[in-house]
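Comments concern the structure below.
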Amino acid sequence: MALVIGIDTGGTFTDAVVYETGRETVVATAKALTTRGDLAVGVGEALGRVLAAAGGAAAARSVGMVSVSTTLATNALVEGQGDPVAVLLAGFDPGMIARAGFATALPGAPVLAIAGGHDHAGEERAPLDLAAAETFLTAHADRVAAFAVASLYSVRNPAHELALAGMVQRLTGRPATLSGELSADLDAPRRALTAALNARLIGRITGLILAIRRAMADLGIEAPLMIVKGDGTLASADAILHRPIETILSGPAASVVGARRQAGLADFVMSDIGGTTTDIAVLEGGRPRLDRAGAEVGGFRTLVRAVEMRTYGLGGDSEVDCPDGGGLVIGPRRVIPISLLAARHPACLDRLATTLGAGEAGGQPWRWVVRPFGTAERSTGAAGPTGSAAVLPEREAALLARIGDEPCPIATIAPDPRARRVLDRLVAGGHLQAAGFTPSDAAHITGLQALWSREAALTAARLILATRRMGASDEAAAVAFAGDVLAGLARSSARAILETVARRPAGAADEWFDAAADGRRQWRGLDFRMAPAVPIVAVGGPAPLIYGEVGRRLGAEIRFVEHGEVANALGAAVGVVRGRAVVEVSLRTGGGWRIHHAGAPVDVDVADRVIATAEAIATSEATRLAGTLGAAASDVTIAIERVDLPGGLGDAGLVSATLTAEATGAAAGLGAAPGTSSGAARAAPIATVSDKT
């Protein structure tokens, strides 16, 4: 039977599973530390470990597909990273350019607007200014890595975008992203921005895909490489090379697919808690809600279809602090757990113990910095995220050189506010990672986890208590403090669940929500219960640590599914390929109808042939796209929204119509989509925790 390997890169771990399609079962799982300095290092380690657990070389020969969900695109957009690009616009006026937001999203990127574009009917508004385009392309060919091209109403007629793409290829040899190929939305400024952000990511995703393919070759795996998109479906790596922006929110989307697969439920709330974030989605009728407005990442609203997901800065590696004014703050910043840092660098534990023994109370001695795992030393400074070389300003480079390869306490390396600001810039730029006390450390102290150094976590907790003058700082006090941290994470998680289900703004002041999250179930003399009306399926490594308590506080049903700790990697393994095509029908001036699609508009004069022709076009384009994305074969469904004249007779009264065709199939080499033979998700063994009083 064909084996599928699913891989997910998270904030702390890169997870991997081997899934057998015939028996629909997980054969092996593995984890490796995520290497932010070069994601491919962690992916290669996870791939090697899971393959060894599944049978080594013999298993490698049976692998029919490797599927990866990745945070690369999401992180790059959030952190403002990527390759230099130039933007070429046809038919855009200054107001449209301003609304696109290039100056904020792509500071310094050259943008040129030329004559051209079409109107809403697909008719040319003005001839395309090819001379101006040629001058622009020639001037920037050696200065940028890719071009983005957008034309007004290109979704009604792509002729000008196609002509400009041909010029880009002929004159520069650089990749060109066409806005109309990423979205059928009429919003030209947002289409243009989406295209520009996509162009910026091409170099990054190319490096990751090449590295994964090298790791596959080293292990003797000859199989298609697929990537999870933001809507949870798969696309071939070759397709993603041209459309990397479609992978934003890839990891959370894979978790939804995996949780749905294992839970065997159609309606539930999925909460995926990882090292960095908690991602929460609501599934209705077996499908997650999709963000109709387009995925928003890093403050930029794109036109990428993605799962409607609420993301909170709550994870096993969220930084814990106790401000001088009192209280407990968890997140939103992710740091390396001090227990993990000491496990990799034992000298850290000695330094922590010495500081505690000396009774030093200054600074924050439990907070450290270290070069990102997987980062190689560079002569000019350090490798940034994904291994790209970075040339740093003098102050940053000097401070980075002082740190070297070993972790350093922040209080030592940056003792004053000026040095601290320089250090913060290095962390924000991905050249360093911060380490500190986290819920993962609290779990080590309480005995709920035993992955790394409990002694380092315990010593750091005692330092926090002593430095913040929070009373006793012995081991018993540290254990109690760790319990408070886990309780605080459970409270915040319960609140996040309520906000997501109720669709209230994150952080909204609501005494009812606070009382429910606290587990009091009382408010001003009233007894009440506030919980989702459907089960909560909790997945992710830290889920078992706190979600029993979340269920108790809310009086909600919590389900822990088999292999929930690698639900995201499993979702990558069992995903399907889906090609989606949108075709518009409108009345044509002078009579008849016009069909707008990915090619030149098609005119139809006979009423009873309009919808049939549009359906044929939509089916063909969806099937073609599914094949391009990597599907071996596909089944097509078509949804039609139409507007008709009152009292119109059949299609003769048709005013407009939108046809959405979806072609769904398994990746090439797998035959049938994993788990789709019965038409429903297979129920897996489920552990249930409930407290419905």
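All heavy atoms count here, side chains included; hydrogens, waters and symmetry mates do not.
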With no hydrogens and no angle check, is any side-chain donor or acceptor of [X] less than 3.5 Å from a backbone partner on [Y]?
X: R310; Y: E499; result: yes
X: S473; Y: L465; result: no
X: S67; Y: A572; result: yes
X: R420; Y: A414; result: yes
X: D272; Y: S255; result: no
X: R174; Y: A145; result: no
X: H444; Y: L451; result: yes

Notebook entry, point to check: Heavy-atom count around D416 CG within 6.0 Å, excluding the residue itself: above 12?
Noted result: yes
Does the side chain of [Y] come within less than 4.5 Å of [X]'s, by heavy atoms?
X: M309; Y: V256; result: yes
X: V566; Y: D8; result: no
X: T467; Y: P365; result: yes
X: I338; Y: C348; result: no
X: I202; Y: D83; result: no
X: L356; Y: W366; result: no
X: T194; Y: I245; result: yes
X: T500; Y: Y312; result: yes

State, to 0.1 Å, how close [X] and [Y] come at their nearest heavy-atom pair, and which atoms those are.
X: S318; Y: P439; answer: O-CD, 3.1 Å
X: P252; Y: D279; answer: CG-OD2, 3.5 Å
X: D474; Y: A477; answer: OD1-N, 2.9 Å
X: P337; Y: S440; answer: CG-CB, 4.1 Å

Note to self: For V307 and L249: C-alpha separation, side-chain torsions, deciding distance, then whether side-chain contact (heavy atoms from CB on, under 4.5 Å) applies.
What the structure shows: CA-CA 8 Å; V307 171; L249 302 180; over 6 Å; no
Once rounded to the nearest 0.5 Å, what's the spacing between atom [atom1] of [X] and atom [atom2] of [Y]?
X: I536; Y: I497; atom1: CD1; atom2: CD1; value: 4.5 Å
X: I413; Y: I403; atom1: CD1; atom2: CD1; value: 5.0 Å
X: L349; Y: R454; atom1: CG; atom2: CZ; value: 12.0 Å
X: L201; Y: T206; atom1: CG; atom2: OG1; value: 10.0 Å
X: I445; Y: E455; atom1: CD1; atom2: CD; value: 10.0 Å
X: I7; Y: L47; atom1: CD1; atom2: CG; value: 4.5 Å

Could I get the full list of side chain to side chain donor-acceptor pair (under 3.5 Å) partners for [X], not counting sequence neighbours?
X: D441; value: S339, T438
X: T247; value: none
X: T177; value: N198

Residues in salt bridge (charged side-chain N to carboxylate O under 4.0 Å, His left out) with [X], at least two apart?
X: E406; value: none
X: R462; value: none
X: D15; value: K31

Next item on the list: Would you please name every residue forming a ring-ring contact (aromatic ring centres under 6.0 Å, His included) with H563, sequence neighbours left out?
Entry: none
Side-chain donor/acceptor pairs under 3.5 Å, residues 209-221, sequence neighbours excluded:
unit_1 : atom_1 : unit_2 : atom_2 : d
R213   : NH1    : D238   : OD1    : 3.4
R213   : NH2    : D238   : OD1    : 3.0

Would you list the atom pairs, donor with acceptor, under 3.5 Å between side chains in residues 395-402 and any protein atom, with sequence neighbours excluded?
unit_1 : atom_1 : unit_2 : atom_2 : d
E396   : OE2    : R425   : NE     : 2.6
E396   : OE2    : R425   : NH2    : 3.3

Scan the side chains in residues 478-492 for donor-acceptor partners under 3.5 Å anywhere in the protein, sequence neighbours excluded, and list what turns up.
unit_1 : atom_1 : unit_2 : atom_2 : d
R491   : NE     : D518   : OD1    : 2.4
S492   : OG     : G488   : O      : 3.2

Item checked: Qualifying salt bridge (charged side-chain N to carboxylate O under 4.0 Å, His left out) pairs with a residue from residues 330-340, counting only residues at least two apart or across chains -> D317-R334, E319-R333
Next item on the list: Could you go through the side-chain contact (heavy atoms from CB on, under 4.5 Å) check for I546 and S493 one step at a time?
Entry: CA-CA 9 Å; I546 63 163; S493 299; 3.5 Å; yes
Notebook entry, point to check: Between T14 and T9, is any side-chain donor less than 3.5 angstrom from a side-chain acceptor?
Noted result: no
Notebook entry, point to check: Is any side-chain N of the basic residue among R371 and D405 closer than 4.0 Å to the acidic one's carboxylate O?
Noted result: yes
Checklist line | Pair F13-L33, side-chain contact (heavy atoms from CB on, under 4.5 Å): steps then yes or no | finding: CA-CA 4 Å; F13 286 109; L33 286 173; 3.9 Å; yes
Next item on the list: With sequence neighbours excluded, tell me which residues meet side chain to side chain contact (heavy atoms under 4.5 Å, CB included) with T412.
Entry: R351, P409
Item checked: Check against side-chain contact (heavy atoms from CB on, under 4.5 Å), L197 and L106 -> CA-CA 8 Å; L197 294 174; L106 303 164; 4.3 Å; yes
